[in-house]
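Chain A is the first sequence line, chain B the second, and so forth, proteins listed ahead of strands; every chain is numbered from 1.
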Amino acid sequence: MSDVPVRAAISAIVAAHRGQRGALLPILHAIQSELGHVPQECVAQLADELNLSRADVHGVVSFYHDFRREPAGRTTVRICRAEACQALGADALVACARDRVGLAPGETAADGSVTVEQVFCLGNCALGPSIQVNDALHGRVSVDRLRSILDEAVSP
Amino acid sequence: MASNSPVTVYVPRDSAARSVGADAVADALRQAAAGRDRPVEVVRNGSRGMLWLEPLVEVATPAGRVGYGPVAPSDVEGLLSAGLLDGGDHPLRRGVVDELPWLARQKRVTFARIGITDPLSTDDYLCHGGLAGLRRALELPRAEVIAEVTESGLRGRGGAGFPAGVKWKTVSECSDELKFVCCNADEGDSGTFADRMVMEGDPFMLIEGMTIAAHAVGAREGYVYIRSEYPDAVATMRAAIDIARGNNWLGERILGSDLTFDLHIRVGAGAYICGEETSMLESLEGKRGMVRSKPPIPALEGLFGKPTVVNNVLTLATVPVIMARGAKAYQELGVQRSRGTQVFQLGGNIARGGIVETAFGVTLRELVEDYGGGTLSGRPVRTVQVGGPLGAYLPASMFDLPMDYEAFAEAGAMLGHGGVVVFDDTVDMAAQARFAMEFCAAESCGKCTPCRVGSVRGVEVIDRIVAGEDRDGNLALLEDLCELMTDGSLCAMGGLTPMPVRSAITHFSDDFLARDAHAAARTARTSGARTEDTA
């Protein structure tokens, strides 16, 4: 991706959200949803356009777990590791991801097929263990079920 | 049944129901029904909160709504052949849902409509008592609305339990032109999902509650701060706000009154600490979610430095019914200083997980054993964590504790947001204690040292304890660290992390033996398990 379309896209996003109070978070969400991540080079531009310091913008981007510096894989599998899912074997799901696709939470496959992440609570605590595949929530996930989801995600 | 008016079949659209296949069941129903001679209308309702029965399909019959669950798409043909549309018999038939003991024993007040209505239908909302609270509030002077909320005894349901009316009064007495009403919908505690279910299952109720708050304190603008882990709640709330604006339930001169109030959704970005009210305000302002020192309290200097009501979803969602039925009706429920109902959320290793809304004073045993039916694994219950990741782990010997704010505080525990997470006897409590510290280290905002550094040291000390390294010395050090974090942290994140850690050590000290001894104790425990009470 060349710099010019990125700059233009960011300017358009800033223009669309500028009127909101405390617009930086909605702007960062919009950038991530459009570009797939928050590229480092947007920090200076955002600082400039929003009249903030670069440190302020960098501080916000790096504070929140959601904002990625690199694009995610085509499929993102988020495994809930909060207590309710731990009580039903969330760790076995993490181990399954490690065995099946060689990914620990936070890692993306080299071929860009799948990203495995951990998350602390998806609000599905009565039907755990839970995972989120892209935006879809899955409950009562067995190791077998996760294995087939991962197999499907990595198959070309 | 000669009439050919469509039969109404309900399939929940709540994300928990969808997580176990509700969308596919709804599709299968529509398809299978299309080939038959009876027209069917599929309504996507909220969830009744009997989550172990999801997807719970209900059909409207003259006898009431008959439920079937849990339904898989492959069950649909068989259900229709068995006479589903007339409430016919089938192995999955559960009976008339309103009469099921699990539900009938509850006191549904805040959750009265959830699971019954289509969440985005204004007709449903009005037919089931919606807007009655707001209409009454708009006829009353602001001070009387606040008096009513105060008198009801409603305390913040987000965890801290601060009286809602007192907070509102403080904001209402400020003379600023600009004031805000903020709803904290950053429900990050494990084991809690009631806020999510309110937003997905009855979003207009939350909007109505916030509008009443705006009228009471003189605010013209409000925000709902929803965590990004809840995409369905975000989508439903956004849709509901648009519909509310279109019906003049929000906007200028609401319902013909003098009140002007508008509402906006903000989405968090994956930070547990933003559930803390001052961090949430920082995040709403577009900053890092760093905790603020108090004073000033947000009621006086909150969002953008302006007077701000910050309440949890359940708190605000309970206001409409209080205004509609009067403070007294609500106040009569509950015990001592814990008035009204609490929405308990049963999760983890539990056979019948879901929403139990009941008056305060119910015991943990009733929740876990009677409602919950013990563990899903069928093994004995070993511990229950109440009140989220910062809540205490309680042993079976404490299950008769009544669920109210004061009784829990006295027992060194807290109710928090009402989450109840069950573990069976295979749980390793040293690992759970370590996780509490690890979670704090990962989620600390970093502003104060006891939380930021103490949590990292906590992980290290627990590692040394289970490695068998100077056990007594390190246990003393851990206790010292817990005391420092409790007394020295700026907010509840660092201040409460010692609660799960200390309770694990107090009640499950064997798990903190060196690994070999611990493994032997665990084998002895789990192999002899069946002799213990199996809930």
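If you measure heavy-atom distances from B:Asp189 to chain A, the contacts under 4.5 Å come from the backbone alone. With a threshold of 4.5 angstrom between heavy atoms, B:Leu376 approaches chain A through side-chain atoms but not through N, CA, C or O. At a 4.5 Å heavy-atom cutoff, B:Thr426 makes no contact with chain A through either its backbone or its side chain. Only the side chain of B:Cys274 comes within contact range of chain A, judged by heavy atoms closer than 4.5 Å. Heavy-atom distances place both the backbone and the side chain of B:Pro389 under 4.5 Å from chain A. Neither the backbone nor the side chain of B:Arg352 comes within contact range of chain A; no heavy atoms are under 4.5 Å apart. For B:Ser15, the parts lying under 4.5 angstrom from a heavy atom of chain A are both the backbone and the side chain. Of the two parts of B:Ala442, only the backbone, made up of N, CA, C and O, holds a non-hydrogen atom closer than 4.5 Å to a non-hydrogen atom of chain A. Of the two parts of B:Gln385, only the side chain, counted from C-beta on, holds a non-hydrogen atom closer than 4.5 Å to a non-hydrogen atom of chain A. Heavy atoms of B:Leu284 lying under 4.5 Å from chain A belong exclusively to its backbone. For A:Val60, the parts sitting under 4.5 Å from any heavy atom of chain B are the backbone and the side chain alike. Of the two parts of A:Ser62, only the side chain, counted from C-beta on, holds a non-hydrogen atom closer than 4.5 Å to a non-hydrogen atom of chain B. For chain A, the nearby part of B:Arg18 is the backbone; its heavy atoms alone come within less than 4.5 Å. Looking at B:Val427, neither its backbone nor its side chain comes within 4.5 Å of chain A, counting heavy atoms on both sides.
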Inset, instruction - Could you give me the CA-CA distance, side-chain angles and deciding distance for A:Gln20 and B:Arg266, then say whether side chain to side chain contact (heavy atoms under 4.5 Å, CB included) is met? - result: CA-CA 10 Å; A:Gln20 297 182 36; B:Arg266 281 298 166 86; 3.1 Å; yes
Inset, instruction - Any chance you could lay out the side chain to side chain contact (heavy atoms under 4.5 Å, CB included) test for A:Arg81 and B:Phe439, step after step, and finish with the verdict? - result: CA-CA 10 Å; A:Arg81 298 186 83 179; B:Phe439 182 70; over 6 Å; no
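No side-chain heavy atom of B:Gln345 sits under 4.5 Å from any side-chain heavy atom of A:Cys125. B:Ser228 has its side chain out of reach of A:Tyr64: every pair of non-hydrogen atoms, C-beta onward, lies at least 4.5 Å apart. Between B:Pro231 and A:Gln132 there is a side-chain heavy-atom pair separated by less than 4.5 Å. Inter-residue side-chain proximity for B:Glu187 and A:Cys121 is flagged as unmet; no heavy-atom pair is nearer than 4.5 Å.
For residues 23-33 of chain A, no pair satisfies side chain to side chain donor-acceptor pair (under 3.5 Å), with sequence neighbours left out.
Side chain of B:Arg288 to main chain of A:Gly59: a donor-acceptor pair is present (N/O by atom type, distance under 3.5 Å, no hydrogens or angles). Put simply, the side chain of B:Ser190 gets close to the backbone of A:Ala84: a donor and an acceptor are under 3.5 Å apart. Panel note: side chain B:Tyr272, backbone A:Phe120; no donor-acceptor pair is recorded below 3.5 Å.
Within residues 86-97 of chain A, the residues that have a heavy atom under 4.5 Å from a heavy atom of chain B are A:Gln86, A:Ala87, A:Leu88, listed by number.
One finds the CD atom of A:Glu83 at 4.5 Å from the CZ atom of B:Phe435 (value rounded to the nearest 0.5 Å). Atom OH of B:Tyr225 sits about 6.0 Å away from atom CG of A:Leu25, to the nearest 0.5 Å. Distance check: B:Tyr230 OH to A:Leu122 CG gives 8.5 Å after rounding to the nearest 0.5 Å. The line from CG of A:Asp135 to CG of B:Asp232 is 8.0 Å long, rounded to the nearest 0.5 Å. Here CD of B:Glu229 is found 6.0 Å from CG of A:Asp66. Values are rounded to the nearest 0.5 Å. Taking CH2 of B:Trp52 as the start and CZ of A:Arg140 as the end, the distance is 11.0 Å to the nearest 0.5 Å.
For the residue pair B:Glu443 / A:His65, a side-chain donor-acceptor distance below 3.5 Å is found, with atom types taken as modelled.
The nearest pair of heavy atoms linking B:Phe193 to A:Gly123 is CB-O, 3.2 Å. Heavy atoms only, all atoms of each residue included: B:Ile273 and A:Phe63 are closest at CG2-CZ, 3.8 Å.
Using a 4.0 Å cut-off between a side-chain N of Lys or Arg and a carboxylate O of Asp or Glu, A:Arg21 and B:Glu221 qualify as a salt bridge.
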